[in-house]
Amino acid sequence: MKAVVIVSGGMDSVTLLYYVASMYRDVLALSFDYGQRHRRELECAAFHAKLLGVPHRVAALSIDGLAGSALTDATVAVPHGHYEAETMRKTVVPGRNAVMLSTAWAIGAAEGADAIAAGVHAGDHHIYPDCRPEFIRALESALTLGTRDHAAPTLHIEAPFLHVTKAEILGMGFVLGIDYSHTWTCYEGGALACGLCGACQERRGAFQSIGRDDPLRYASAA
Ligand SMILES: [Zn+2]
């Protein structure tokens, strides 16, 4: 049984990598270089793949439409605040998850994989439409049709966190013994995580809600 796991290097996808590696005999960790502002996440993904002894591949994605999002466009400031705020829409890279899942599927089909694993979780649904369950299932149907006879008939999208919160993911990760000091969540690429962007706030909230200390150091204590 082979799985291609999409690993950004953040806490959700790193937890996913360990979780899937505990279930599948053969795992390929797949990261995307989509012109993100910094390399921190990719380094974290490589660190955990090496620790688990699974191959790590970085696929380059070039999408013209990626300009204009704070995650990829250095001229757009990373907004501070919670995900609920309207300003956080600046962190949306439209269709990013759709493109990543489709690319991972193509690689998985060529590799004879049984599953593509993605770390989308319940907290993403509100702001990112391509992280919603109805989209994931519809894309899986389309991709299955599009690779008929050219992929393992078992190939499917495994999204075990689809209805799980970030705090619950973290709780699973501690059970799996994950060292979260080697995960990068912050949208900024500073020496320390900023502590103020939506991703940092969501991460800190998850650690707080399960009563664990975040091993990462932050530039802002707020
Ligand atoms: Zn941050």
Side-chain angles (χ1 to χ4, degrees), residues 6-18 29 31-49 58 61 63 66-97 100 118-131 161 164-174 178-222:
I6 300 175
V7 189
S8 66
M11 53 168 270
D12 306 327
S13 66
V14 166
T15 307
L16 176 76
L17 179 63
Y18 282 76
S31 300
F32 290 105
D33 182 348
Y34 58 91
Q36 49 270 64
R37 296 169 79 110
H38 57 81
R39 315 291 300 173
R40 305 291 296 265
E41 278 188 322
L42 293 176
E43 288 161 14
C44 288
F47 174 89
H48 289 286
V58 179
L61 280 187
I63 315 170
L66 289 185
S69 166
L71 298 198
T72 51
D73 190 336
T75 65
V76 179
V78 173
H80 291 164
H82 285 282
Y83 273 110
E84 290 71 30
E86 193 56 31
T87 53
M88 291 310 291
R89 300 210 170 269
K90 286 209 184 80
T91 68
V92 175
V93 180
R96 175 176 56 160
N97 204 40
M100 289 182 180
V120 290
H121 66 89
D124 290 332
H125 300 171
H126 169 65
I127 193 163
Y128 303 110
D130 57 352
C131 291
F161 305 154
V164 172
T165 67
K166 208 170 180 78
E168 289 167 330
I169 293 171
L170 196 56
M172 289 168 66
F174 278 109
I178 297 173
D179 174 4
Y180 283 106
S181 67
H182 291 277
T183 56
W184 190 261
T185 305
C186 184
Y187 288 144
E188 311 253 20
L192 299 178
C194 78
L196 297 171
C197 72
C200 278
Q201 293 201 25
E202 193 189 36
R203 174 183 171 125
R204 296 173 102 176
F207 274 91
Q208 248 168 31
S209 69
I210 65 161
R212 303 288 296 241
D213 288 327
D214 188 343
L216 212 57
R217 286 174 56 225
Y218 289 91
S220 168

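Note that these values count all heavy atoms, side chains included, but never hydrogens, waters or copies made by symmetry. Counting starts at 1 for both ligands and their atoms, following the listed order. Because the structure is predicted, anything quoted here is derived from the model rather than measured.
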Tell me if a side-chain donor or acceptor on Thr185 pairs with a main-chain N or O of Gly10 at a distance below 3.5 Å.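 No.
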
So that I can tick it off, tell me whether Asp130 and Arg96 are bridged by a salt bridge, with the cut-off set at under 4.0 angstrom between side-chain N and carboxylate O.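 Salt bridge flag = no for Asp130 with Arg96.
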
Sequence neighbours excluded, which residues qualify as side chain to side chain donor-acceptor pair (under 3.5 Å) partners of Asn97? none

Kindly give the heavy-atom pair with the smallest separation between Ile169 and Val164, and that separation in Å. CG1-CG1, 3.8 Å

Does one side chain, of Tyr180 or Arg203, offer a donor that lies under 3.5 Å from an acceptor on the other? no

Counting only protein N/O/S atoms, those under 2.8 Å from the Zn ion (ligand 1) total 4

Run the numbers on Asp33 and Arg39 for side chain to side chain contact (heavy atoms under 4.5 Å, CB included), then give the verdict. CA-CA 9 Å; Asp33 182 348; Arg39 315 291 300 173; 3.0 Å; yes

